[in-house]
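Quick notes on the structure that follows.
Residue numbers begin at 1 in each chain, while the letters A, B, ... track the order of the sequences. When reading the values below, keep in mind they use all heavy atoms of this one structure, side chains included, and skip hydrogens, waters and symmetry mates.
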Amino acid sequence: GSDKGSGDSGGSSGGVDNVTVGVIPIIDVAPIYLGQSKGFFKTRNIELKMEAGQGGAAIVPGVVSNQFQFGFSNLTSLMIAQTKNVPIKAVAAGVSTTGVQGKDFGAVVVKGASPIKTAKDLAGKKISVNTLKNIGDTVTRESVRVAGGDPSKIEFVEMPFPNMPAALDKGDIDAAWVVEPQLSTIKAAGGREVASTFVDTDPKLTIAAYFTSQKLLADKPDLVKRFTEAMNESLTYADAHPDEVRQILSTYTKIDDKARAQVVLPKWPTEINKASVQKLAELGTTDGIFASAPDLDKLLP
Amino acid sequence: MVVLKRILFVVGLPAVLFAGWFFLSEGSESFYSPPLRTILTAFGDTWKPDRLLADVVPSLLRLFAGFLLASLIGIALGVAIGLNRNLRAVMEPVLEFFRAIPPPVLVPVIMLFAGIGDGMKVIVIVFGCVWPVLLNTVEGVRAVDSVVLDTARAYGLTGPARLTRVILPSASPRIAAGLRQALSIAIILMVISEMFASSNGLGFTIVQFQRSFAIPEMWSGIILLGLLGFALSLLFRLAERRALRWYEGLRAAQRRAG
Amino acid sequence: MTTAHRGNPVLLGSAGLAGLLLIVELLPRLGLVNERYLPPTSRIAAALADEAATATFWQSLGDTLYAWAIGLLIAVVAGVLAGLVIGSVPVLRALTASTVEFLRPIPSVALIPLAVLLYGTELGSTLILVCYAAFWQVLVQVLYGVADVDPVAEETARSYRFSTWGRVRHVLWPTALPYVFTGVRLAASVALVLAVTAELVIGAPGLGKEIATAQNSDAVATMYALIVVTGALGVVINLLTRTGERRLLAWHQSIRGEVAV
Amino acid sequence: MLEVKGLRKVYSSGNREVEALRDLTFTVDNGDLVCLVGPSGCGKTTLLRCISGLLTPTGGSVKVNGNAVTGPPPGMAVVFQEYGRSLFPWASVWDNVELPLKQKKVPKARRTQLVEEALDAVGLTGTGKAYPWQLSGGMQQRVAIARAVAYEPETLLMDEPFAAVDAQTRADLEDLVRSLWQRLKVTVLFVTHDIDEAVYLGRRVVMLSSSPTVVQDELVVDLPAERDQLHTRADPKFVALRTRVYEQIQLAKKGAAVQK
Amino acid sequence: MLEVKGLRKVYSSGNREVEALRDLTFTVDNGDLVCLVGPSGCGKTTLLRCISGLLTPTGGSVKVNGNAVTGPPPGMAVVFQEYGRSLFPWASVWDNVELPLKQKKVPKARRTQLVEEALDAVGLTGTGKAYPWQLSGGMQQRVAIARAVAYEPETLLMDEPFAAVDAQTRADLEDLVRSLWQRLKVTVLFVTHDIDEAVYLGRRVVMLSSSPTVVQDELVVDLPAERDQLHTRADPKFVALRTRVYEQIQLAKKGAAVQK
Ligand SMILES: Nc1ncnc2c1ncn2[C@@H]1O[C@H](COP(=O)(O)OP(=O)(O)OP(=O)(O)O)[C@@H](O)[C@H]1O
Ligand SMILES: Nc1ncnc2c1ncn2[C@@H]1O[C@H](COP(=O)(O)OP(=O)(O)OP(=O)(O)O)[C@@H](O)[C@H]1O
Ligand SMILES: [Mg+2]
Ligand SMILES: [Mg+2]
């Protein structure tokens, strides 16, 4: 690989930095779109451009090779990367749990008629997650553990979130670990929430973060600082203006109007809750997701 | 001597390419393209017998099931469509429609009908690799020599005999071309199908490596995939040689000049 | 020769498509599948109309077609050239056979990290994947086509001392042409599939990205509408290659069997 | 009985339209041996293909034993002019000859016997295992003849079947056809461009004009039924007949030239 | 001068091994017209393909004007026995004839003239636009001949070129070949299975034995250079020559029978 192909993104012209951010087009990244439209980045001389990727597979290499200057990813993925010595560093908080049982933006749900009543009943069942060996199975196991069940017997299967409603409906899976908007979809179709997994893990759990490459951090510390500031302002603004968040969703997602009004929005604190990340790290290590314990000092700002 | 030469032909270019890769990548610092040395070490460490059994065997089973089904469907449908002009007119747009839909976006629909088990994966494989077989069969059937067809008709070679003794043999070189292409597409789709709702398989493992940033292991998986494809195509070539001996002879007899 | 009645192909083709639409309308209406996962034709059509009213849609369509066309062009040119050269030089063919077989089954999707590494989510990434996948389709077909040259025709050309180029142009090429067409038709849809998949997975702008967004947003009807658009593109593309084929291959058994007599 | 009445065939492919046959009427009695001669390109092959039901005529009708021909009638064997393309390249010589018999459900033992006899008769003993493309042109043509012979047809249509074989083999094959015809009472329609051959072989000779084609003349060959290559060809009657045919064909060609 | 010395050719494809030519030696002077006759399957086509450099002999050598033949020598045209497959189905009749001229870089105007003349000469005026597969067998064969004629070769190899045409056309084409030979001083090597034709056409006739093939006999045709179909064929010398060739071929066949 080389850095030749980086083109003009990442370059600066007339004091303005052109910055490309790799994001997943879901509700979680609403603040950055909102911040862009509010001009929080422009005032800091950052010309922002969002590129949508389907997940870490595309975003992390993009950031490492400086095709993207920043990226959005969940913390488990970032910690996995850290244990493999991928040269990246988190620079701003991404998204956090609401911390409210039964009113979070991600949960384990079952069919209305399912015999599964509580998280404890999930032991030994077939549960879908969007990515195996990632944050989904970690937090689901923790929910079961907290409820007094045996998490080691859960059978996880992998499928994209959008497919979960149908799979649950058909009985291919016993339960699904989903996030919005599918969470609302399933609930509207009579599904029942049995565990607010993020809350069970830590009521202040930071789930995802924005990150950059070590190289950019070393070469352009000023740009990174400005990005973090703008990001934080965006997060704060988004947290305070849920209606505007619901509005901005229509620009980069295709969630229909009704669902947009109903979905549970996450929290967007500006601080990465280190303790919660530490817990995620320990749980992951126990479950064997990480080869070695992640070094959070190296990863987190 | 001849055998030696043949072996040299087979391994020559790959050896050169691998050597080139080895030396060029030797000092590589890039995280995503590690030195080949590292990849090869990872290859040895990763693909132990139990791993092969757990991941490669299920993949292969799905692959064979999918490929076999696709071949049967492709040839059967291809012959029908190739022989009947009206059927061809009716079916062609519909088939083209489905052919243009990327398997990954069709997965939800297929899951709807086939669940998330091996059935779904086999269907995805079939869905993707039936096309080269189908198209080639149609073309092969349409291109059967008119004198051959007349001869068959004149001698009362009709019905099944016409199909098995005339149409299929005559179209077989093209069908073989289609099957061969289908085989490598089947491998590709095996990987794609295992990216969804899977918990084992070669594709799943490669994607898993990629996601967990085990990059040398990921590359070793890609190499394994290549080797697998190569081995399968070798097998296919053997079968093709046997089945199409007449055709190779026909062409080679006069070409090779004795 | 055949006594079977011959209908108008356009009419029959439309009938086939209409049948498909009808089935999709009826399946959910009759409750055979849940309409939340497979909406009836009418709802898909409505969603399509909504999409067609947005500028983003047309922009994405343009992006996809652009990536498709460029990628296909590169793949076809490279595939045909490589095929003719490799196919007509036996030594080359023997030398490259194993490498071709090794590289061919490596899925484009496995190359995504590499593509992103080189080009990010720009057009380049999509192009790499499209070209890589489509190239093999053309190459293999051309190789088979070259092998199909009638020895007597080839010898005729040789005996009249056709130049190498003359032999390629006047014997090899016409013989391989039917195969090239099959290759192009295969490659055209593989290129489309890969363009959309790349957009879907990498997130490069285009229909695929729109489909991904619709999927993530649970906008089922919209997702199907976009899928229909890709399918329709496939039909149009096939129509074009077929027309070209009919023009250029009028002499070939497969075509002449239909026109003559 | 084979009846051809007012047969007309126009080939139209795109821009080109060729009237290969204009108006042909003639009959062949069961057990008759009729030779068809005519200038190159006059429509002999076309006629044969219409009779064998492989080609739908543009006008007129073909009847075999009173039944209109719509597809290849049972018990009819055809030897095609394009012998090279008429053999299946994927099947060995033996299989090529045997296949139609299998289709006819002839028992295995009888099949073997028939194939062997037929290959012997055309002088190809021992080549059964070879593929057609391993044979010389004349040998290929003889395989096609062997296939028709082994089939034991009631009606045998042959389109310039001896074009690619040498004089000696040709003479042998001519005698083979005659003996076959006498022994099995098959109806034979034999297309040739060799006038001597037509007269030597046939009980009747039908001469076609050049395109657009009609029947130019017909003639009964009143030579003795027992013929042999040496004496028959020296017979003054033979010479007279061949001259008559020759003249007619000359006339046919001239007619065409004038029409143009 | 064309020299064939000790030529041997063994076809070996897998299980089957056929010695098509055993030991052939003969020469053809520049400007000579030599006819080759021999039983079907004796290796005439094989010989021609070796001479034209399309086939590598197993042993012996072929030299044209002193140069060993390794590929098709310049100025040589070949008419193949498989005329149907030798024409390019994707090119019209005109293009089929013109293509070799284009390859030879003949200027456009001259090309048009040559093609027209050649098509006229073989009696195919006006069929230029048709595709080969729209023509009758004899017409296809004449296209192949026209292609060779238009090429204006120094050496012309013809492999049973008149097998598919009618007697009259055949006679015309025979005269065409002779006049071409006299006018352009081309060296002609003509394979035929028709003994009369060989004697009528050739200045020399080379007879091949049946397989394994050697030169059985050679004979100079001492008929006057001016020949015509009527008188020459009636000439007692002609009849004597043809009888001699016939006997030799009979002998060749017997020899083969004895060897077996
Ligand atoms: N490609 C081949 N493979 C194997 N054997 C062959 C091949 N081509 C020809 N032969 C054999 O070589 C011998 C001579 O064949 P060739 O075609 O030269 O004969 P020919 O004299 O031209 O006969 P004809 O007059 O029938 O055309 C035959 O016995 C034939 O079976
Ligand atoms: N498929 C076709 N399409 C168009 N024209 C054709 C086709 N087949 C034959 N013809 C034309 O029909 C006429 C008669 O052809 P046919 O093959 O019947 O002649 P033939 O008497 O068998 O000649 P030959 O003795 O040369 O074989 C010719 O002028 C030929 O060009
Ligand atoms: Mg004919
Ligand atoms: Mg020959």
Does any backbone or side-chain atom of [X] lie under 4.5 Å from a heavy atom of chain C? Answer side chain, backbone, both or neither.
X         : result
Pro132(B) : both
Phe18(B)  : side chain
Ile223(B) : both

With heavy-atom distances below 4.5 Å as the criterion, would you say the side chains of [X] and [Y] are in contact?
X         : Y         : answer
Glu139(B) : Arg185(C) : yes
Tyr144(C) : Asn136(B) : no
Arg142(B) : Pro178(C) : no

For [X], which atoms come within 4.5 Å of any heavy atom of chain B: side chain, backbone, both, or neither?
X         : value
Val228(C) : both
Val235(C) : both
Leu95(C)  : both
Phe181(C) : neither
Leu17(C)  : both

Applying salt bridge (charged side-chain N to carboxylate O under 4.0 Å, His left out), can you list everything that pairs with Glu240(B), at least two apart in sequence or on another chain?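 Applying salt bridge (charged side-chain N to carboxylate O under 4.0 Å, His left out) to Glu240(B) gives Arg180(B), Arg237(B).
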
Output all residues satisfying salt bridge (charged side-chain N to carboxylate O under 4.0 Å, His left out) with Arg93(C), sequence neighbours left out; order by chain, then residue number. none

How long is the gap from CZ on Phe97(B) to CD1 on Ile227(C), to the nearest 0.5 Å? 8.5 Å

Distance in Å, Leu20(C) CG paired with Leu95(B) CG, rounded so as to fall on 0.5 Å steps: 10.0 Å

I'd like to know if the side chain of Gln181(B) and the backbone of Gln137(C) have a donor-acceptor N/O pair within less than 3.5 Å.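 Yes, Gln181(B) side chain to Gln137(C) backbone: donor-acceptor pair under 3.5 Å.
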
Quick one: of Leu135(B), Leu234(B), Leu87(B), Leu17(B), who has the most non-hydrogen atom pairs under 4.5 Å with chain C? Leu135(B)

When heavy-atom pairs shorter than 4.5 Å are enumerated against chain B, which of Thr230(C), Thr99(C), Leu143(C) gives the highest number?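 Option with the greatest count: Thr99(C).
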
